[in-house]
Number of protein chains: 2
Amino acid sequence: MLGLLAREALSGYDLASRMRERVGFFWQARHSQIYPELARLEGDEMVVHRVVEQRDRPDKKVYEITDVGLEALKEWVTAPVKPRATRDEMVLKAYSVWLADPEKAVTLFREQQRLHEEQLLRYEEIEAWMEEEWGEDLSLPSSPRFASYAALRRGIIHERGYAEWCGWVADRLEKGGAGTG
Amino acid sequence: MLGLLAREALSGYDLASRMRERVGFFWQARHSQIYPELARLEGDEMVVHRVVEQRDRPDKKVYEITDVGLEALKEWVTAPVKPRATRDEMVLKAYSVWLADPEKAVTLFREQQRLHEEQLLRYEEIEAWMEEEWGEDLSLPSSPRFASYAALRRGIIHERGYAEWCGWVADRLEKGGAGTG
DNA sequence: TAACCCATGTAAACGGTTACATGATTTC
DNA sequence: GAAATCATGTAACCGTTTACATGGGTTA
(Lines give C-alpha, C1' and ligand atoms only; values in the text may rest on other atoms or scores of the structure.)
Protein backbone atom coordinates (compact mmCIF):
# COMPACT_ATOMS: atom_id res chain seq x y z
CA MET A 1 0.00 0.00 0.00
CA LEU A 2 2.84 2.40 0.78
CA GLY A 3 4.43 1.37 -2.52
CA LEU A 4 1.31 2.47 -4.35
CA LEU A 5 0.81 5.64 -2.30
CA ALA A 6 4.44 6.65 -2.95
CA ARG A 7 3.47 7.02 -6.61
CA GLU A 8 0.18 8.87 -6.18
CA ALA A 9 -2.39 9.79 -3.56
CA LEU A 10 -5.24 7.28 -3.58
CA SER A 11 -8.47 6.44 -1.80
CA GLY A 12 -9.09 3.04 -0.23
CA TYR A 13 -11.28 2.21 -3.18
CA ASP A 14 -8.50 3.19 -5.62
CA LEU A 15 -6.04 1.02 -3.72
CA ALA A 16 -8.42 -1.92 -4.00
CA SER A 17 -8.66 -1.36 -7.78
CA ARG A 18 -4.87 -1.24 -8.14
CA MET A 19 -4.63 -4.45 -6.15
CA ARG A 20 -7.01 -6.10 -8.56
CA GLU A 21 -5.63 -4.72 -11.79
CA ARG A 22 -2.03 -3.55 -11.67
CA VAL A 23 -0.09 -5.14 -8.87
CA GLY A 24 -2.55 -8.00 -8.49
CA PHE A 25 -0.25 -10.52 -10.12
CA PHE A 26 2.28 -10.28 -7.28
CA TRP A 27 0.22 -8.92 -4.39
CA GLN A 28 -3.48 -8.58 -3.54
CA ALA A 29 -5.65 -7.19 -0.79
CA ARG A 30 -9.42 -6.82 -0.51
CA HIS A 31 -11.08 -3.64 0.61
CA SER A 32 -11.94 -5.35 3.91
CA GLN A 33 -8.22 -5.51 4.60
CA ILE A 34 -7.33 -2.15 3.09
CA TYR A 35 -9.62 0.13 5.10
CA PRO A 36 -8.52 -1.06 8.57
CA GLU A 37 -4.89 -1.08 7.42
CA LEU A 38 -5.14 2.54 6.23
CA ALA A 39 -6.43 3.50 9.66
CA ARG A 40 -3.52 1.67 11.26
CA LEU A 41 -0.98 3.34 8.95
CA GLU A 42 -2.48 6.72 9.78
CA GLY A 43 -2.12 5.91 13.49
CA ASP A 44 1.58 5.23 12.81
CA GLU A 45 1.83 8.55 10.93
CA MET A 46 2.80 6.75 7.70
CA VAL A 47 -0.10 8.31 5.78
CA VAL A 48 -2.55 11.20 6.15
CA HIS A 49 -5.94 11.63 4.56
CA ARG A 50 -8.15 14.47 3.45
CA VAL A 51 -11.81 14.17 2.56
CA VAL A 52 -12.55 15.02 -1.06
CA GLU A 53 -16.16 15.98 -1.68
CA GLN A 54 -17.65 15.00 -4.99
CA ARG A 55 -20.90 16.10 -6.56
CA ASP A 56 -21.99 13.09 -8.59
CA ARG A 57 -20.22 10.43 -6.51
CA PRO A 58 -19.87 9.62 -2.81
CA ASP A 59 -17.22 11.61 -0.94
CA LYS A 60 -13.88 9.89 -0.57
CA LYS A 61 -10.86 9.88 1.70
CA VAL A 62 -7.71 10.42 -0.29
CA TYR A 63 -4.57 9.11 1.40
CA GLU A 64 -1.12 10.56 0.93
CA ILE A 65 2.17 9.07 2.09
CA THR A 66 4.07 11.11 4.72
CA ASP A 67 7.84 11.61 5.06
CA VAL A 68 7.76 9.01 7.83
CA GLY A 69 6.00 6.56 5.52
CA LEU A 70 8.39 7.27 2.65
CA GLU A 71 11.42 6.67 4.87
CA ALA A 72 9.95 3.41 6.18
CA LEU A 73 9.24 2.29 2.61
CA LYS A 74 12.77 3.15 1.42
CA GLU A 75 14.26 1.18 4.28
CA TRP A 76 11.98 -1.78 3.64
CA VAL A 77 12.84 -1.99 -0.08
CA THR A 78 16.48 -2.96 0.55
CA ALA A 79 15.90 -4.77 3.85
CA PRO A 80 16.72 -8.48 3.75
CA VAL A 81 13.83 -10.82 3.02
CA LYS A 82 13.22 -13.96 4.96
CA PRO A 83 12.57 -16.82 2.54
CA ARG A 84 8.84 -17.06 2.06
CA ALA A 85 7.05 -20.33 1.70
CA THR A 86 5.69 -20.91 -1.79
CA ARG A 87 2.56 -23.00 -2.24
CA ASP A 88 1.62 -24.25 -5.67
CA GLU A 89 -1.42 -26.43 -6.08
CA MET A 90 -0.51 -27.57 -9.61
CA VAL A 91 2.85 -28.89 -8.41
CA LEU A 92 1.02 -30.64 -5.60
CA LYS A 93 -1.25 -32.24 -8.19
CA ALA A 94 1.73 -33.14 -10.34
CA TYR A 95 3.23 -34.94 -7.34
CA SER A 96 0.17 -37.22 -7.24
CA VAL A 97 -0.49 -37.36 -11.00
CA TRP A 98 0.67 -41.00 -11.16
CA LEU A 99 -2.67 -41.94 -9.53
CA ALA A 100 -4.84 -40.03 -11.97
CA ASP A 101 -6.59 -40.83 -15.20
CA PRO A 102 -3.89 -39.69 -17.70
CA GLU A 103 -6.43 -38.26 -20.15
CA LYS A 104 -8.03 -36.07 -17.51
CA ALA A 105 -4.61 -35.03 -16.30
CA VAL A 106 -3.56 -34.02 -19.82
CA THR A 107 -6.74 -31.93 -20.11
CA LEU A 108 -5.93 -30.15 -16.85
CA PHE A 109 -2.31 -29.42 -17.72
CA ARG A 110 -3.14 -28.29 -21.28
CA GLU A 111 -5.80 -25.99 -19.87
CA GLN A 112 -3.31 -24.49 -17.44
CA GLN A 113 -0.73 -24.18 -20.19
CA ARG A 114 -3.22 -22.23 -22.28
CA LEU A 115 -4.15 -19.93 -19.39
CA HIS A 116 -0.51 -19.10 -18.66
CA GLU A 117 0.25 -18.59 -22.34
CA GLU A 118 -2.66 -16.16 -22.55
CA GLN A 119 -1.46 -14.29 -19.49
CA LEU A 120 2.02 -14.21 -20.98
CA LEU A 121 0.63 -12.62 -24.13
CA ARG A 122 -1.19 -9.97 -22.11
CA TYR A 123 2.00 -9.12 -20.24
CA GLU A 124 4.01 -8.99 -23.44
CA GLU A 125 1.52 -6.55 -24.88
CA ILE A 126 1.94 -4.32 -21.85
CA GLU A 127 5.71 -4.72 -22.14
CA ALA A 128 5.62 -3.59 -25.78
CA TRP A 129 3.42 -0.67 -24.80
CA MET A 130 5.81 0.36 -22.02
CA GLU A 131 8.81 0.18 -24.33
CA GLU A 132 6.95 2.25 -26.91
CA GLU A 133 5.53 4.87 -24.54
CA TRP A 134 8.10 5.08 -21.79
CA GLY A 135 11.25 4.52 -23.82
CA GLU A 136 14.36 5.76 -22.04
CA ASP A 137 12.69 5.95 -18.62
CA LEU A 138 12.91 2.17 -18.54
CA SER A 139 16.68 2.40 -18.06
CA LEU A 140 16.44 4.92 -15.21
CA PRO A 141 16.51 3.01 -11.90
CA SER A 142 15.18 6.07 -10.07
CA SER A 143 12.05 6.18 -12.20
CA PRO A 144 8.85 4.47 -11.06
CA ARG A 145 8.43 3.41 -14.69
CA PHE A 146 11.61 1.38 -14.49
CA ALA A 147 10.25 -0.25 -11.31
CA SER A 148 6.93 -1.12 -12.98
CA TYR A 149 8.84 -2.56 -15.91
CA ALA A 150 11.03 -4.65 -13.59
CA ALA A 151 7.96 -6.08 -11.82
CA LEU A 152 6.34 -6.84 -15.17
CA ARG A 153 9.47 -8.67 -16.32
CA ARG A 154 9.04 -11.04 -13.40
CA GLY A 155 5.48 -11.69 -14.50
CA ILE A 156 6.63 -12.48 -18.04
CA ILE A 157 9.41 -14.82 -16.92
CA HIS A 158 7.03 -16.51 -14.49
CA GLU A 159 4.28 -17.14 -17.04
CA ARG A 160 6.75 -18.33 -19.65
CA GLY A 161 8.23 -20.83 -17.21
CA TYR A 162 4.88 -21.96 -15.95
CA ALA A 163 3.42 -22.52 -19.41
CA GLU A 164 6.57 -24.35 -20.47
CA TRP A 165 6.32 -26.66 -17.46
CA CYS A 166 2.62 -27.41 -17.99
CA GLY A 167 3.38 -28.23 -21.62
CA TRP A 168 6.28 -30.46 -20.60
CA VAL A 169 4.11 -32.42 -18.15
CA ALA A 170 1.26 -32.75 -20.68
CA ASP A 171 3.69 -33.95 -23.37
CA ARG A 172 5.11 -36.60 -21.08
CA LEU A 173 1.65 -37.73 -20.04
CA GLU A 174 0.60 -38.01 -23.68
CA LYS A 175 3.63 -39.96 -24.81
CA GLY A 176 2.96 -42.14 -21.78
CA GLY A 177 4.71 -45.41 -20.92
CA ALA A 178 2.93 -48.59 -19.89
CA GLY A 179 -0.35 -47.89 -18.13
CA THR A 180 0.40 -50.24 -15.27
CA GLY A 181 3.53 -48.56 -13.91
CA MET B 1 -0.78 -35.19 3.20
CA LEU B 2 -2.86 -37.70 1.27
CA GLY B 3 -0.39 -37.33 -1.59
CA LEU B 4 2.42 -38.39 0.71
CA LEU B 5 0.43 -41.17 2.41
CA ALA B 6 -0.52 -42.61 -1.00
CA ARG B 7 3.17 -43.42 -1.47
CA GLU B 8 3.91 -44.86 1.96
CA ALA B 9 2.47 -45.12 5.47
CA LEU B 10 3.86 -42.37 7.68
CA SER B 11 3.61 -40.97 11.18
CA GLY B 12 2.76 -37.34 11.84
CA TYR B 13 6.41 -36.75 12.60
CA ASP B 14 7.43 -38.34 9.28
CA LEU B 15 4.94 -36.16 7.44
CA ALA B 16 6.44 -33.08 9.05
CA SER B 17 9.92 -34.18 7.91
CA ARG B 18 8.72 -34.73 4.33
CA MET B 19 7.14 -31.29 4.38
CA ARG B 20 10.46 -29.79 5.38
CA GLU B 21 12.69 -31.79 3.08
CA ARG B 22 11.02 -33.24 0.01
CA VAL B 23 7.84 -31.45 -0.91
CA GLY B 24 8.79 -28.33 1.07
CA PHE B 25 9.57 -26.32 -2.04
CA PHE B 26 5.96 -26.37 -3.21
CA TRP B 27 4.03 -27.10 0.00
CA GLN B 28 4.71 -26.96 3.73
CA ALA B 29 2.93 -27.69 6.97
CA ARG B 30 4.13 -27.65 10.57
CA HIS B 31 3.46 -30.44 12.99
CA SER B 32 0.98 -28.18 14.78
CA GLN B 33 -1.12 -28.27 11.62
CA ILE B 34 -0.43 -31.89 10.73
CA TYR B 35 -1.59 -33.60 13.93
CA PRO B 36 -5.06 -32.04 14.08
CA GLU B 37 -5.46 -32.54 10.33
CA LEU B 38 -4.64 -36.26 10.64
CA ALA B 39 -7.34 -36.55 13.29
CA ARG B 40 -9.79 -34.79 10.97
CA LEU B 41 -8.85 -37.05 8.03
CA GLU B 42 -9.34 -40.09 10.22
CA GLY B 43 -12.79 -38.78 11.19
CA ASP B 44 -13.59 -38.56 7.45
CA GLU B 45 -12.29 -42.12 6.99
CA MET B 46 -9.58 -40.97 4.61
CA VAL B 47 -6.82 -42.50 6.74
CA VAL B 48 -6.46 -45.03 9.56
CA HIS B 49 -3.68 -45.38 12.10
CA ARG B 50 -2.09 -48.12 14.12
CA VAL B 51 0.25 -47.63 17.05
CA VAL B 52 3.77 -48.92 16.46
CA GLU B 53 5.68 -49.62 19.64
CA GLN B 54 9.40 -48.99 19.57
CA ARG B 55 12.02 -49.99 22.09
CA ASP B 56 14.59 -47.22 21.83
CA ARG B 57 12.26 -44.44 20.65
CA PRO B 58 8.83 -43.14 21.64
CA ASP B 59 5.88 -45.07 20.25
CA LYS B 60 4.35 -43.65 17.11
CA LYS B 61 1.07 -43.60 15.23
CA VAL B 62 1.56 -44.74 11.66
CA TYR B 63 -1.11 -43.51 9.26
CA GLU B 64 -2.21 -45.33 6.14
CA ILE B 65 -4.45 -44.01 3.38
CA THR B 66 -7.79 -45.82 2.95
CA ASP B 67 -9.67 -46.62 -0.27
CA VAL B 68 -11.91 -43.66 0.49
CA GLY B 69 -8.86 -41.40 0.84
CA LEU B 70 -7.28 -42.76 -2.34
CA GLU B 71 -10.45 -42.14 -4.34
CA ALA B 72 -10.74 -38.60 -2.98
CA LEU B 73 -7.10 -37.95 -3.87
CA LYS B 74 -7.51 -39.32 -7.41
CA GLU B 75 -10.52 -37.10 -7.96
CA TRP B 76 -8.74 -34.04 -6.58
CA VAL B 77 -5.69 -34.47 -8.83
CA THR B 78 -7.62 -33.80 -12.03
CA ALA B 79 -10.23 -31.49 -10.51
CA PRO B 80 -10.12 -27.91 -11.85
CA VAL B 81 -8.06 -25.45 -9.83
CA LYS B 82 -9.28 -22.01 -8.98
CA PRO B 83 -6.54 -19.48 -9.73
CA ARG B 84 -4.58 -18.97 -6.55
CA ALA B 85 -3.21 -15.62 -5.53
CA THR B 86 0.57 -15.43 -5.72
CA ARG B 87 2.44 -13.14 -3.35
CA ASP B 88 6.06 -12.32 -3.99
CA GLU B 89 7.86 -9.94 -1.69
CA MET B 90 10.81 -9.43 -4.07
CA VAL B 91 8.51 -8.27 -6.86
CA LEU B 92 6.85 -5.95 -4.37
CA LYS B 93 10.26 -4.55 -3.53
CA ALA B 94 11.12 -4.24 -7.22
CA TYR B 95 7.97 -2.20 -7.67
CA SER B 96 9.32 0.37 -5.19
CA VAL B 97 13.00 0.02 -6.06
CA TRP B 98 13.03 3.45 -7.73
CA LEU B 99 12.99 4.96 -4.19
CA ALA B 100 15.90 2.92 -2.88
CA ASP B 101 19.63 3.41 -2.66
CA PRO B 102 20.71 1.65 -5.90
CA GLU B 103 23.81 0.14 -4.33
CA LYS B 104 21.86 -1.47 -1.52
CA ALA B 105 19.27 -2.66 -4.03
CA VAL B 106 21.96 -4.27 -6.19
CA THR B 107 23.30 -6.06 -3.10
CA LEU B 108 19.83 -7.42 -2.31
CA PHE B 109 19.10 -8.62 -5.85
CA ARG B 110 22.56 -10.17 -6.30
CA GLU B 111 22.13 -11.98 -2.99
CA GLN B 112 18.77 -13.32 -4.10
CA GLN B 113 20.20 -14.28 -7.48
CA ARG B 114 22.92 -16.27 -5.72
CA LEU B 115 20.43 -18.01 -3.43
CA HIS B 116 18.24 -19.08 -6.33
CA GLU B 117 21.24 -20.20 -8.36
CA GLU B 118 22.36 -22.33 -5.44
CA GLN B 119 18.91 -23.84 -5.08
CA LEU B 120 18.87 -24.48 -8.82
CA LEU B 121 22.15 -26.37 -8.54
CA ARG B 122 20.78 -28.52 -5.71
CA TYR B 123 17.71 -29.37 -7.77
CA GLU B 124 19.81 -30.16 -10.82
CA GLU B 125 21.90 -32.54 -8.74
CA ILE B 126 18.74 -34.33 -7.64
CA GLU B 127 17.55 -34.34 -11.24
CA ALA B 128 20.79 -35.98 -12.39
CA TRP B 129 20.48 -38.51 -9.57
CA MET B 130 16.90 -39.34 -10.54
CA GLU B 131 17.83 -39.80 -14.20
CA GLU B 132 20.71 -42.03 -13.19
CA GLU B 133 18.87 -44.11 -10.60
CA TRP B 134 15.30 -44.17 -11.84
CA GLY B 135 15.95 -44.26 -15.58
CA GLU B 136 12.96 -45.49 -17.55
CA ASP B 137 10.50 -45.01 -14.68
CA LEU B 138 10.70 -41.28 -15.40
CA SER B 139 8.73 -41.80 -18.59
CA LEU B 140 6.00 -43.86 -16.92
CA PRO B 141 3.12 -41.50 -15.99
CA SER B 142 1.71 -44.12 -13.63
CA SER B 143 4.88 -44.23 -11.58
CA PRO B 144 5.31 -42.07 -8.48
CA ARG B 145 8.88 -41.53 -9.65
CA PHE B 146 7.61 -39.80 -12.77
CA ALA B 147 5.43 -37.60 -10.54
CA SER B 148 8.37 -36.67 -8.29
CA TYR B 149 10.40 -35.86 -11.36
CA ALA B 150 7.62 -33.66 -12.78
CA ALA B 151 7.37 -31.71 -9.52
CA LEU B 152 11.13 -31.28 -9.43
CA ARG B 153 11.10 -29.98 -13.01
CA ARG B 154 8.86 -27.16 -11.83
CA GLY B 155 11.35 -26.32 -9.11
CA ILE B 156 14.17 -26.19 -11.64
CA ILE B 157 12.28 -23.99 -14.06
CA HIS B 158 11.17 -21.75 -11.21
CA GLU B 159 14.65 -21.23 -9.78
CA ARG B 160 16.16 -20.69 -13.22
CA GLY B 161 13.60 -18.00 -14.00
CA TYR B 162 13.89 -16.38 -10.61
CA ALA B 163 17.68 -16.19 -10.70
CA GLU B 164 17.56 -14.85 -14.24
CA TRP B 165 15.13 -12.12 -13.19
CA CYS B 166 17.18 -11.09 -10.14
CA GLY B 167 20.25 -10.89 -12.35
CA TRP B 168 18.39 -8.83 -14.93
CA VAL B 169 17.21 -6.33 -12.30
CA ALA B 170 20.68 -6.09 -10.72
CA ASP B 171 22.28 -5.54 -14.15
CA ARG B 172 19.88 -2.74 -14.95
CA LEU B 173 20.42 -1.14 -11.56
CA GLU B 174 24.20 -1.29 -12.06
CA LYS B 175 24.19 0.17 -15.53
CA GLY B 176 21.87 2.79 -14.06
CA GLY B 177 20.73 5.96 -15.81
CA ALA B 178 20.77 9.43 -14.26
CA GLY B 179 20.45 9.30 -10.48
CA THR B 180 17.73 11.94 -10.41
CA GLY B 181 15.14 10.19 -12.54
C1' DT C 1 -35.91 -1.08 -13.23
C1' DA C 2 -32.11 -3.81 -13.02
C1' DA C 3 -27.28 -4.07 -13.10
C1' DC C 4 -23.10 -1.85 -12.32
C1' DC C 5 -19.77 1.46 -10.44
C1' DC C 6 -18.33 4.35 -6.67
C1' DA C 7 -17.39 4.45 -1.78
C1' DT C 8 -16.54 2.82 3.13
C1' DG C 9 -16.86 0.17 6.68
C1' DT C 10 -17.49 -4.36 10.24
C1' DA C 11 -17.82 -9.39 11.60
C1' DA C 12 -17.11 -14.13 11.22
C1' DA C 13 -14.48 -17.75 9.62
C1' DC C 14 -10.31 -19.92 7.97
C1' DG C 15 -5.54 -21.35 7.18
C1' DG C 16 -1.19 -21.02 8.93
C1' DT C 17 2.65 -19.64 12.21
C1' DT C 18 4.60 -19.16 16.64
C1' DA C 19 4.76 -20.40 21.10
C1' DC C 20 3.66 -23.44 24.91
C1' DA C 21 4.04 -28.10 26.81
C1' DT C 22 6.07 -32.77 27.72
C1' DG C 23 9.35 -36.47 27.70
C1' DA C 24 12.50 -40.37 26.20
C1' DT C 25 16.90 -41.58 23.80
C1' DT C 26 21.09 -40.78 21.47
C1' DT C 27 25.17 -38.34 20.27
C1' DC C 28 28.90 -35.05 21.17
C1' DG D 1 26.12 -32.43 30.99
C1' DA D 2 24.29 -30.27 26.75
C1' DA D 3 22.37 -30.56 22.37
C1' DA D 4 20.00 -32.96 18.88
C1' DT D 5 16.52 -36.29 17.31
C1' DC D 6 12.22 -38.65 17.85
C1' DA D 7 7.44 -38.13 19.02
C1' DT D 8 2.72 -35.87 19.89
C1' DG D 9 -0.13 -32.68 21.12
C1' DT D 10 -2.67 -27.62 22.43
C1' DA D 11 -3.29 -22.45 22.53
C1' DA D 12 -2.76 -17.90 21.01
C1' DC D 13 -2.11 -15.00 17.42
C1' DC D 14 -2.03 -13.06 12.75
C1' DG D 15 -3.09 -12.25 7.91
C1' DT D 16 -6.50 -13.05 4.62
C1' DT D 17 -11.05 -14.27 2.71
C1' DT D 18 -15.92 -14.33 2.71
C1' DA D 19 -19.93 -12.45 4.10
C1' DC D 20 -22.69 -8.78 6.12
C1' DA D 21 -24.08 -3.92 5.81
C1' DT D 22 -25.30 0.60 3.62
C1' DG D 23 -26.28 3.93 0.08
C1' DG D 24 -26.02 7.30 -3.95
C1' DG D 25 -25.39 7.77 -9.06
C1' DT D 26 -24.94 6.05 -13.84
C1' DT D 27 -25.81 3.19 -17.63
C1' DA D 28 -28.35 -0.15 -20.34
Side-chain angles (χ1 to χ4, degrees), chain A residues 1-5 8-21 23-44 47-64 76 81-89 92, chain B residues 1-5 8-21 23-44 47-64 76 81-89 92:
Chain A
M1 281 167 50
L2 291 180
L4 286 164
L5 294 175
E8 50 178 337
L10 294 168
S11 68
Y13 185 88
D14 294 332
L15 279 166
S17 314
R18 297 288 187 289
M19 292 278 185
R20 256 187 291 109
E21 288 148 25
V23 305
F25 91 85
F26 59 91
W27 211 271
Q28 323 76 36
R30 308 295 170 93
H31 73 273
S32 59
Q33 201 178 358
I34 289 168
Y35 291 117
E37 186 64 16
L38 279 171
R40 201 189 63 75
L41 285 173
E42 191 151 44
D44 291 348
V47 300
V48 284
H49 85 267
R50 65 201 141 86
V51 176
V52 174
E53 285 172 50
Q54 298 179 118
R55 275 140 258 156
D56 41 353
R57 294 173 195 287
D59 296 352
K60 60 179 175 177
K61 295 183 184 178
V62 174
Y63 288 83
E64 232 177 309
W76 169 80
V81 293
K82 55 172 169 179
R84 234 188 99 88
T86 53
R87 286 195 162 82
D88 190 320
E89 197 181 343
L92 210 58
Chain B
M1 282 167 52
L2 291 181
L4 286 164
L5 293 176
E8 51 180 334
L10 294 168
S11 68
Y13 185 89
D14 294 332
L15 279 166
S17 315
R18 296 287 187 291
M19 292 279 185
R20 256 185 292 109
E21 289 148 25
V23 305
F25 92 85
F26 59 91
W27 211 271
Q28 324 75 36
R30 308 295 170 93
H31 74 272
S32 59
Q33 200 179 358
I34 289 169
Y35 291 117
E37 187 62 18
L38 279 171
R40 201 190 62 76
L41 285 173
E42 191 150 44
D44 291 348
V47 300
V48 283
H49 84 269
R50 66 201 139 88
V51 175
V52 174
E53 284 170 52
Q54 298 179 118
R55 276 140 259 154
D56 40 354
R57 293 171 195 289
D59 294 355
K60 59 178 176 180
K61 296 183 185 176
V62 173
Y63 288 83
E64 232 178 309
W76 169 80
V81 293
K82 56 171 168 177
R84 233 186 100 87
T86 53
R87 286 195 162 82
D88 190 320
E89 196 181 343
L92 209 57

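So that the names make sense, note that chain A is the first sequence line, chain B the second, and so on, each numbered from 1. Heavy atoms only: backbone and side chains are in, while hydrogens, waters and symmetry mates are out.
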Length of the [atom1]-[atom2] vector between [X] and [N], whole Å:
X	N	atom1	atom2	result
Leu38(A)	dA7(C)	CG	P	14 Å
Arg40(A)	dG15(D)	CZ	P	8 Å
Asp59(B)	dT25(C)	CG	P	11 Å
Ile34(A)	dA7(C)	CD1	P	14 Å
Leu92(B)	dG15(D)	CG	P	15 Å
Tyr63(B)	dG9(D)	OH	C1'	10 Å

Can you sort out the partners of [X] under side-chain contact (heavy atoms from CB on, under 4.5 Å), two or more places apart, ordered by chain and number?
X	value
Glu42(A)	Val47(A), Val48(A), His49(A), Tyr63(A)
Lys60(A)	Ser11(A), Asp14(A), Val52(A), Gln54(A), Val62(A)
Trp76(A)	Leu73(A), Glu89(B), Leu92(B), Lys93(B)
Asp59(A)	Val51(A), Glu53(A)

message: Run the salt bridge (Lys or Arg N to Asp or Glu O under 4.0 Å) test against Glu8(B) and tell me which residues pass, sequence neighbours left out.
response: Arg18(B)
- request: State which residues pass salt bridge (Lys or Arg N to Asp or Glu O under 4.0 Å) with Arg50(A); sequence neighbours excluded, sorted by chain then number.
  value: Glu64(A)
message: Walk along nucleotides 11-22 of chain C from 5' to 3' and tag each nucleotide B, S or - by protein heavy-atom contact under 4.0 Å, base first, then sugar-phosphate.
response: B----SBBB---
statement: Each nucleotide of nucleotides 22-28 of chain D classed B (base within 4.0 Å of a protein heavy atom), S (only sugar-phosphate) or -, in 5' to 3' order, makes -B-SS--
statement: Assign each of Pro36(B) and Lys60(B) the nucleotide of DNA chain D bearing its closest heavy atom; nearer the 5' end lies the nucleotide of Lys60(B)
- line: Computed from five pairs at either end and rounded to 10 degrees, the angle between the axes of the helix from dT1(C)-dA28(D) to dC28(C)-dG1(D) is 30°
Below 3.5 Å, can you tabulate the donor-acceptor pairs from side chains in residues 30-40 of chain A to any protein atom, sequence neighbours excluded?
| from | atom 1 | to | atom 2 | distance (Å) |
| --- | --- | --- | --- | --- |
| Tyr35(A) | OH | Tyr13(A) | N | 3.4 |
| Glu37(A) | OE1 | Arg40(A) | NE | 3.4 |
| Glu37(A) | OE2 | Arg40(A) | NE | 3.2 |
| Glu37(A) | OE2 | Arg40(A) | NH2 | 2.8 |
| Arg40(A) | NH1 | Asp44(A) | OD2 | 2.9 |

field: Approximate separation, where rounding is to 0.5 Å, of Phe25(A) CZ and Met19(A) CE
entry: 13.5 Å
- prompt: Rounded to the nearest 0.5 Å, what separation is found between the CG atom of Asp88(A) and the OG1 atom of Thr86(B)?
  reply: 9.5 Å
query: Does a nitrogen or oxygen in the side chain of Tyr35(B) sit under 4.0 Å from OP1 or OP2 of dT8(D)?
result: yes
message: Looking at Gln28(B) and Arg87(A), would you say the former's side chain and the latter's main chain have a donor-acceptor pair under 3.5 Å?
response: no
